[in-house]
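Working notes, structure below.
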2 protein chains.
Amino acid sequence: MTARLSPGAQPPPATLPAGGDGLRSSLHDRGQRLTPQRQRVLALFERIGEGSHLGAEEVHQRLLRSEERVSLATVYRTLRLLSSMGLLQELELPEGGRRFELASDAHRDHHHLVCVRCGRTEEFENSAVLQAGERAAGGYGFRLLECVLNVRALCPSCAAAE
Amino acid sequence: MTARLSPGAQPPPATLPAGGDGLRSSLHDRGQRLTPQRQRVLALFERIGEGSHLGAEEVHQRLLRSEERVSLATVYRTLRLLSSMGLLQELELPEGGRRFELASDAHRDHHHLVCVRCGRTEEFENSAVLQAGERAAGGYGFRLLECVLNVRALCPSCAAAE
DNA sequence: ATTCATGCAAATTTTTTGCATGTTC
DNA sequence: GAACATGCAAAAAATTTGCATGAAT
């Protein structure tokens, strides 16, 4: 029922290759270390692309399949770490456990229009939304990382079927 | 892997005041029954208001405190039911389990500002966001039900701690 | 009377943690 | 070498389920 279709077009990452030094220095800034496990987890998310999300168990399984064993406990620890570093982000859709995806570029705002009946999803952008997010964050003294607008709606054919 | 099927596609969110007959007939339409437990759970969400969310354990505890015992298992079953009926809406914030809040037509745009580090949550409103949602929905011919903006951010103290 | 819902406890699933060992800086 | 991270297994949460009993229609 997860209707986030990412048709073939996978936008080029355009960001730093994570297995590399971006991760290393981000970690070092926090007094933490670059380990193969952390690289593997992040690299996996980069491999699957920006639109797709994985849960802890899936990350563990997929790494096993590619001969890059990382214990499940470490997967959990790493997901939380990368997430708190802003490299991954946790999803809003609670289908089972928590799920994560590669964090999009800083401050980018991408929004979803989703039909609650059939799951059809359209993406759109709107700078007014980002502004609203910035205003809200500013008002509470928060530092904005990202804002996502979810519009729940009925698509034309589902609306007709009602 | 678990088959996590919600009980079928649901009708558009109910518009009715829930404690009363709206709930009864919504249930009956589905061949299900009005029970004190279901009323209690829904009434609790109405009592705390539209902006606030609760997890299963919290619902259970709060009902205990108000002398309205509902077993935890039933709380889980009821949350899922009310959610699939469109009376509650599920959301997921950083820490803890799944959380639910009252789904309301009246409150179509209420937004969350969430600290991704400590989970602190602030609610805000912004009509520009609703307009953006309406414009997007209109552009694709969708009928808008609700729009929720989630702003991921760092609260002042967490930002300082980084 | 029939069908559905509840409560309880046990079973599952998901996530966290203690600790000995191995790694990174 | 010191501090940190990993793996493992056990513990703790979170959620679901089987079944006998109780309630709603």
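First the proteins, then the strands, lettered A, B, ... as listed; each starts at 1. Here the structure is a predicted model, which is why all the values come from computation and not from measurement.
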Short side-chain N/O contact to [N] OP1/OP2 from [X], under 4.0 Å:
X	N	result
A:Tyr76	C:dT15	yes
A:Arg98	D:dA13	no
B:Thr74	C:dG7	yes

Partners passing salt bridge (Lys or Arg N to Asp or Glu O under 4.0 Å) against B:Glu122 (at least two apart in sequence or in another chain): B:Arg120
Pick the nucleotide of DNA chain D nearest each of A:Thr78 and B:Ala56; which residue has the one closer to the 5' end? A:Thr78
Between the main-chain N or O of [Y] and the side-chain N or O of [X], is there a donor-acceptor pair closer than 3.5 Å?
X	Y	result
A:Tyr140	B:Glu123	yes
B:Thr74	B:Val70	no
A:Arg38	A:Thr78	no

Ignoring hydrogens and geometry beyond distance, is a side-chain donor-acceptor pair present between A:Arg98 and A:Ser83 at under 3.5 Å? no
Length of the line joining [X]:[atom1] and [N]:[atom2], which is rounded to integer Å:
X	N	atom1	atom2	answer
B:His60	C:dA9	NE2	P	12 Å
A:Leu81	D:dC4	CG	C1'	12 Å
B:Glu58	D:dT15	CD	P	11 Å
A:Gln39	D:dT6	CD	P	11 Å
A:Arg69	D:dG7	CZ	C1'	8 Å
B:Arg38	D:dT25	CZ	P	10 Å
B:Gln37	C:dC8	CD	P	11 Å
A:Leu64	D:dG7	CG	P	11 Å

Residues which pass ring pair (Phe, Tyr, Trp, His ring centres under 6.0 Å) with A:Phe45, listed by chain and number, not counting sequence neighbours: none
Go through the structure and list residues passing ring pair (Phe, Tyr, Trp, His ring centres under 6.0 Å) with A:His111, not counting sequence neighbours. A:Phe124
Under 4.0 angstrom, heavy atoms only, what part of the nucleic acid is B:Gly31 near: base, sugar-phosphate, or nothing?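 Sugar-phosphate, no base atom in range.
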Ranges pairing with ranges for DNA chain D, where each run has three or more Watson-Crick or G-U pairs under 3.5 Å: C:1-25 with D:1-25
Nucleotide-resolved protein contact map, nucleotides 17-25 of chain C, B/S/- at heavy-atom distance under 4.0 Å: BB-----BS
So, A:Arg99 and A:Glu58, do they make that salt bridge, N to O below 4.0 Å?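 Yes, this pair counts.
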Does B:Arg135 have any side-chain contact (heavy atoms from CB on, under 4.5 Å) partners at least two apart in sequence or in another chain, and if so, which? A:Asn126
